[in-house]
Amino acid sequence: MSILIVGGSGYLGRCVVRQAVAAGHAVAATYTRRPGDADVRWLSVDLRVPEQIAAAFTAVRPSVVINVAVRSADWATTADGAARLAAAVGGHGCRLVHVSSDAVFSGRDVHYDENALPDPVTPYGAAKAAAESAIRALTPSAVIARTSLIIGDGDSKHETLVRDLATGRRDGELFVDDIRCPVHADDLAAALLEIAAGDGTGTVHLAGTDAVSRHELGVLLARRDGLDPALLRPGRRADSARPGALDIRLDGTRTQKQLTTRLRGAHEFLAR
């Protein structure tokens, strides 16, 4: 495939770029601040600037676009930028795989399968839900891939937070009532590339099989890294002023049946 990875310099983007190159695909990737380290064609693209999107498509002429770009507090990138990208994909006749989030849900129903309709309660969730609606309208053949907390081998945001809390570099607590289905970045990247190579459409759920609280996840991470989990202070989101859903469990049963890539649960990929 000729793949354009939008947001390729970000955390998940770097994993997708690395695996795409290893698989022998022709890869180009975009960045906003600085390019990544991989030896691919890097393009400076801000999704808020239509001319930069158009220039990237002209330069690369991809057969597949994978959008992993994220700016959580920026509607212009997360919602409007995704819509601009979808319009460009439609104009060039290529395939789009767009990464969305479990933040599109409120947590009211707890369990959400691929047919569940968004009901966000945060600005980020609302932007992601708006992006989904725009993509469905502009590019009906696209795949919208919702995911959850992304964990790696020590360098994700949540892993850094846990390490800082467990070593005293930062003060804070991890919520026991904030539950998600974490996924390993390598599993997620592999699943996205498998989907990109197929011909499926619609919504898929790419999350791990284990529903764990942020505190439980922190304990698993601390044990993996040889840190004392007792130093991770538990708290309750419900008692805090932080907005957001409590319990969101993505049900990807239907999606997993369509994939050869296996999405492991946190207890498995964080086992020592």
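Note that the coordinates shown come from a computational prediction; the quantities given were computed from them, not determined experimentally.
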Non-hydrogen atoms of [X] and [Y] that approach each other most closely:
| X | Y | value |
| --- | --- | --- |
| T78 | A131 | O-CB, 3.4 Å |
| R14 | S9 | NH1-O, 3.1 Å |
| D113 | R146 | O-NH1, 4.2 Å |
| P120 | A126 | CB-N, 3.5 Å |
| G13 | V68 | CA-CG2, 3.6 Å |
| L217 | P182 | CD2-CG, 4.0 Å |

Hey, is [atom1] on [X] packed in by over 12 heavy atoms from elsewhere, all under 6.0 Å?
| X | atom1 | result |
| --- | --- | --- |
| R169 | CZ | yes |
| N115 | CG | yes |
| D155 | CG | yes |
| R108 | CZ | no |

How far does [atom1] of [X] sit from [atom2] of [Y], to the nearest 0.5 angstrom?
| X | Y | atom1 | atom2 | result |
| --- | --- | --- | --- | --- |
| I3 | L193 | CD1 | CG | 5.5 Å |
| D210 | L263 | CG | CG | 11.5 Å |
| L259 | D187 | CG | CG | 11.0 Å |
| I53 | T58 | CD1 | OG1 | 12.0 Å |
| H205 | T253 | NE2 | OG1 | 10.5 Å |
| D171 | D164 | CG | CG | 11.5 Å |

Testing the 3.5 Å rule here: is there a donor-acceptor pair between the side chains of [X] and [Y]?
| X | Y | value |
| --- | --- | --- |
| S100 | E132 | yes |
| S44 | Q52 | no |
| S156 | E159 | yes |
| H267 | E216 | yes |
| D46 | T32 | no |

Can you pull out every ring pair (Phe, Tyr, Trp, His ring centres under 6.0 Å) where at least one residue sits in residues 46-82? Sequence neighbours excluded, please.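 Listed by first then second residue: F57-H92.
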
Taking only residues at least two apart or on different chains, which pairs with a member in residues 101-160 satisfy ring pair (Phe, Tyr, Trp, His ring centres under 6.0 Å)?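 Qualifying pairs, neighbours excluded: F105-Y112.
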
Just to verify, what does F269 make a ring pair (Phe, Tyr, Trp, His ring centres under 6.0 Å) with, not counting sequence neighbours?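 Per chain and number, F269 pairs via ring pair (Phe, Tyr, Trp, His ring centres under 6.0 Å) with H184.
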
Which residues pass the ring pair (Phe, Tyr, Trp, His ring centres under 6.0 Å) test with F175, not counting sequence neighbours?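 Residues passing ring pair (Phe, Tyr, Trp, His ring centres under 6.0 Å) with F175: none at all.
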
Do [X] and [Y] have side chains that get closer than 4.5 Å, going by heavy atoms?
| X | Y | value |
| --- | --- | --- |
| L246 | I179 | no |
| R262 | E268 | yes |
| R233 | L174 | no |
| I151 | V183 | no |

Would [X] and [Y] pass as an ion pair if we require N to O under 4.0 Å?
| X | Y | result |
| --- | --- | --- |
| R236 | E173 | no |
| R237 | D178 | yes |
| R18 | D186 | yes |
| R223 | D225 | no |

Can you tell which of V104, V97, T139, I135 makes a side-chain contact (heavy atoms from CB on, under 4.5 Å) with I144?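 Among V104, V97, T139, I135, the one meeting side-chain contact (heavy atoms from CB on, under 4.5 Å) with I144 is I135.
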
Quick one: which of V16, T147, N67 gives a side-chain contact (heavy atoms from CB on, under 4.5 Å) with V99?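 Considering V16, T147, N67, a side-chain contact (heavy atoms from CB on, under 4.5 Å) with V99 is found only for T147.
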
Could you work out the complete set of other residues in the hydrophobic cluster of V176, with links drawn between I, L, V, M, F, W and Y side chains under 4.5 Å apart?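 Taking Ile, Leu, Val, Met, Phe, Trp and Tyr as members, V176 stands alone, with no cluster partners.
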
Of all residues at least two apart in sequence or in a different chain, which pass the salt bridge (Lys or Arg N to Asp or Glu O under 4.0 Å) check with D199?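 Per chain and number, D199 pairs via salt bridge (Lys or Arg N to Asp or Glu O under 4.0 Å) with no residue.
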
